[in-house]
Amino acid sequence: MGINFDKALGIHEQALTLQSRRTALLANNLANADTPGYKAQDIDFRQALQQASKGQSNFALTRTDARHLNGQSRYLSSEAQYRVPLQPDTGDGNTVDPAIEQAAFAQAAVQYQTSLQFLGGKFRSLMTAIRGE
């Protein structure tokens, strides 16, 4: 009898992947805080996680042959969206507010660490079950 990792790991696998993607977007925003014309981006994590848990995806490749794989990924279901700026345009078209981005990045990092701890606990439980302890 094999182990079904989707059932064993639950939503944490998808959450970790989405959090990784969100953290990269936020880091990109911070790196481009002084780039003229750059628009801050983020994903709606809650919506993306709901879609991932249901196996829905907004991301799909066009199949040109019946033998091609469908190209859908439950991990790429989140669309990056432009953040609505809270402050008026600074004149160069950049919408990055470093304080907001730093706070969002810190929150995302904590959530990422939490998901890693949950996954670590799940793997420890699986190891305990496999060893029969």
Side-chain angles (χ1 to χ4, degrees):
M1 180 173 172
I3 296 174
N4 184 340
F5 282 105
D6 286 338
K7 287 184 179 179
L9 301 178
I11 194 72
H12 300 293
E13 179 187 3
Q14 290 99 352
L16 193 64
T17 303
L18 288 171
Q19 287 165 347
S20 174
R21 182 161 185 253
R22 182 168 187 242
T23 303
L25 277 174
L26 295 172
N28 199 27
N29 289 345
L30 285 169
N32 287 290
D34 296 328
T35 303
Y38 183 82
K39 307 293 183 205
Q41 297 180 24
D42 200 354
I43 60 172
D44 184 346
F45 181 77
R46 181 174 295 177
Q47 180 184 12
L49 190 59
Q50 286 176 348
Q51 289 177 343
S53 67
K54 293 176 184 174
Q56 298 173 340
S57 175
N58 292 336
F59 181 80
L61 298 176
T62 302
R63 293 174 62 179
T64 57
D65 190 296
R67 294 173 292 177
H68 291 167
L69 298 176
N70 64 11
Q72 291 185 345
S73 172
R74 61 183 173 175
Y75 304 117
L76 297 175
S77 63
S78 57
E79 291 282 333
Q81 302 171 350
Y82 292 107
R83 186 184 308 275
V84 176
L86 297 177
Q87 62 185 6
D89 189 358
T90 57
D92 64 356
N94 187 310
T95 62
V96 176
D97 184 341
I100 290 175
E101 299 302 327
Q102 288 173 350
F105 186 85
Q107 181 184 15
V110 168
Q111 291 172 340
Y112 184 84
Q113 189 65 32
T114 302
S115 288
L116 275 178
Q117 289 177 349
F118 275 117
L119 276 176
K122 292 282 188 181
F123 279 115
R124 280 191 293 279
S125 296
L126 286 172
M127 291 301 293
T128 300
I130 290 170
R131 291 181 186 146
E133 298 173 350

For N32 and N28, indicate whether the former's side chain and the latter's backbone hold a donor-acceptor pair under 3.5 Å.
yes
Minimum side-chain heavy-atom gap R21-I43 below 4.5 Å
yes
With hydrophobic residues grouped by side-chain heavy-atom distances under 4.5 Å, do F123 and L16 end up in a single group?
yes
So which atom in T23 and which in A108 form the shortest heavy-atom distance, rounded to 0.1 Å?
OG1-CB, 3.8 Å
For D97, give me all partners under salt bridge (charged side-chain N to carboxylate O under 4.0 Å, His left out), at least two apart in sequence or on another chain.
none
Starting at CD of Q81, measure out to CG of D42 and round the result to the nearest 0.5 Å.
8.0 Å
Would you list the pairs meeting ring pair (Phe, Tyr, Trp, His ring centres under 6.0 Å) in which at least one residue belongs to residues 8-43, sequence neighbours left out?
H12-F118
Which ILVMFWY residues can you reach from L30 by hopping between side chains whose heavy atoms are under 4.5 Å apart?
L26, F105
For K39 and G93, indicate whether the former's side chain and the latter's backbone hold a donor-acceptor pair under 3.5 Å.
yes
My understanding is that a hydrophobic cluster links ILVMFWY residues whose side chain heavy atoms are under 4.5 Å apart, including indirect links. Using that, what else belongs to the cluster containing Y82?
none
Keeping to residues at least two apart or across chains, list the side-chain hydrogen bond (donor to acceptor under 3.5 Å, both in side chains) pairs with something in residues 110-133.
Q19-S115
Any pair counted as salt bridge (Lys or Arg N to Asp or Glu O under 4.0 Å), so long as it reaches residues 100-116, sequence neighbours left out:
R83-E101
Looking only at non-hydrogen atoms, find the nearest pair between A40 and V96 and report the distance.
CB-CG2, 4.0 Å
